Peer 1: 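Questions regarding the structure given below will be posed in turn.
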Number of protein chains: 2
Amino acid sequence: MEAATLQKRLGSAMRERRTALDRSQESFADLIKMHRAYYSAIERGERNITLHTMYRVARGLGVSVKDLMEDARL
Amino acid sequence: MEAATLQKRLGSAMRERRTALDRSQESFADLIKMHRAYYSAIERGERNITLHTMYRVARGLGVSVKDLMEDARL
DNA sequence: GTGTGACTAAGAGTCCGTT
DNA sequence: AAACGGACTCTTAGTCACA
């Protein structure tokens with residue numbers, strides 16, 4: 001599978017989890033101490049993020065990294 | 001959780017899956033077209049790998065990324 | 001509230017050889 | 001068969017101003 005496809009699937013899964021929590025990108029990015037613009041790029045699937053970054057997002061969403069992978073079918 | 005801990009957990013999960021398949025690091029690295037020295041560092045938990053790299057390893061092991069995360073309790 | 005281009009520092013990832 | 005080192009290139013992490 002293409003790298004861009006992987007990233008988009010994961011980004012979409014994150015966006016769905018975040019909106020389900022009724023949080024804006026900005027407030028969520030603040031919560032996990034990440035820059036708003038960077039988090040935006042992740043959700044759009046423009047970043048090939050590392051394990052550590054995935055973990056930070058997952059924790060902020062209140063789920064495990066495994067859960068995100070399952071959502072993203074990865 | 002510390003970045004180093006995340007990496008070690010994932011690296012160990014990969015190592016267990018690989019050895020269960022009776023493959024050397026070298027032959028496995030060749031299979032997924034990755035350099036053996038780099039793959040060795042991943043299993044030792046010395047690299048904070050990206051989504052794309054996780055996917056390549058998971059595919060080589062015949063499992064999903066989700067499966068690896070579950071093994072690693074992440 | 002979100003998207004985007006441009007930017008730098010740090011680290012991911014490759015390739016060589018040696019132990 | 002696996003660990004480790006140096007030297008290298010490319011991309012991610014992270015920030016900013018502006019749309």
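On a predicted model such as this, the values are computed, not experimentally measured, just so you know. Sequence lines set the chain letters: A, B, ... in the order given, protein chains first and strands last, and positions in each chain run from 1.
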Peer 1: Consider the side chain of B:S24, meaning its heavy atoms from C-beta on, and name the nucleotide among D:dA2, D:dT15, D:dG5 that approaches it most closely.
Peer 2: D:dA2
Peer 1: Mark yes or no for whether B:Q7, through its side chain, and B:G45, through its backbone, hold a donor-acceptor pair below 3.5 Å.
Peer 2: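 Here the side-chain-to-backbone pair exists.
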Peer 1: Atom CG of B:D22 and atom P of D:dA2: how far apart are they, to the nearest Å?
Peer 2: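 It is 11 Å, rounded to the nearest whole Å.
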Peer 1: Using OP1 and OP2 only, check whether a side-chain N or O of B:S40 sits under 4.0 Å from D:dA2.
Peer 2: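 Checking B:S40 against D:dA2: no side-chain N or O falls below 4.0 Å of OP1 or OP2.
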Peer 1: Per the end-axis method with five pairs at each terminus, what is the bend angle of the helix from C:dT2-D:dA19 to C:dT19-D:dA2, to 10°?
Peer 2: 50°
Peer 1: Answer with base, sugar-phosphate or nothing: what part of the nucleic acid does A:A41 contact at a heavy-atom distance below 4.0 Å?
Peer 2: nothing
Peer 1: For residues B:T19 and B:R15, determine if any side-chain heavy atom of one lies less than 4.5 Å from a side-chain heavy atom of the other.
Peer 2: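 A side-chain contact exists here, since the closest heavy-atom pair is under 4.5 Å.
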Peer 1: For B:R44, does the CZ atom have more than 12 heavy-atom neighbours from other residues, nucleotides or ligands under 6.0 Å away?
Peer 2: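 Yes.
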Peer 1: Expressed in angstrom and rounded to an integer, what is the separation of B:Y38 atom OH from D:dC10 atom P?
Peer 2: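 In whole Å, D:dC10 P and B:Y38 OH are 16 Å from each other.
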Peer 1: Hey, which of these two, B:R47 or A:E46, hits DNA chain D nearer its 5' end, going by closest nucleotide?
Peer 2: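 Its nearest nucleotide being more 5', the pick is B:R47.
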Peer 1: Measure from CZ on B:R23 to C1' on D:dA1 and round the result to the nearest Å.
Peer 2: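 Atom-to-atom, B:R23 to D:dA1, this comes out as 14 Å.
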Peer 1: Does a side-chain heavy-atom distance below 4.5 Å link B:T50 with B:Y55?
Peer 2: no
Peer 1: Find the distance A:E26:CD to D:dT15:C1' and express it as a whole number of Å.
Peer 2: 14 Å
Peer 1: Using heavy atoms to find the nearest nucleotide of DNA chain C for B:R36 and B:Q7 separately, return the residue whose nucleotide is more 5′.
Peer 2: B:Q7
Peer 1: Please report, rounded to the nearest Å, how far the C1' atom of D:dT15 is from the OH atom of A:Y39.
Peer 2: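 Rounded to the whole Å, the gap is 18 Å.
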Peer 1: Under 4.0 Å: is that the gap between some side-chain N or O of B:R44 and OP1 or OP2 of D:dC4?
Peer 2: yes
Peer 1: First and last nucleotide of DNA chain C touching chain B, 5' to 3', heavy-atom cut-off 4.0 Å?
Peer 2: C:dA12 to C:dG17
Peer 1: Any heavy-atom pair between the side chains of A:L74 and A:L68 that's under 4.5 Å?
Peer 2: no
Peer 1: Closest nucleotide of DNA chain D for B:R18 versus for B:N48: which of these residues is on the 5' side?
Peer 2: B:R18
Peer 1: Starting from C1' on D:dT15, measure out to CD1 on A:I42 and report it in whole angstrom.
Peer 2: 14 Å
Peer 1: Under 4.0 angstrom, heavy atoms only, what part of the nucleic acid is B:M34 near: base, sugar-phosphate, or nothing?
Peer 2: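 The residue B:M34 makes sugar-phosphate contact but no base contact.
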Peer 1: Should B:M69 and B:M54 count as side-chain neighbours, where that means a heavy-atom distance under 4.5 Å?
Peer 2: yes
Peer 1: In whole angstrom, give the distance that lies between atom CD1 of B:I49 and atom P of D:dC10.
Peer 2: 22 Å
Peer 1: Please answer whether the main-chain N or O of B:R18 pairs with a side-chain N or O of B:R23 as donor and acceptor at a distance below 3.5 Å.
Peer 2: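 The answer is no, because no donor-acceptor pair under 3.5 Å joins these two groups.
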Peer 1: Taking atom types as modelled and ignoring hydrogens, do the side chains of A:D30 and A:S27 form a donor-acceptor contact shorter than 3.5 angstrom?
Peer 2: no
Peer 1: Are B:I42 and B:T53 side-chain neighbours, meaning at least one heavy-atom pair lies under 4.5 Å?
Peer 2: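 Of all side-chain heavy-atom pairs linking B:T53 with B:I42, at least one is under 4.5 Å.
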Peer 1: Starting at atom NE2 of B:H52, determine the distance to atom C1' of D:dT12, rounded to an integer number of angstrom.
Peer 2: 14 Å
Peer 1: Donor-acceptor pair, distance only, cut-off 3.5 Å: does the side chain of B:S12 make one with the backbone of B:K8?
Peer 2: yes
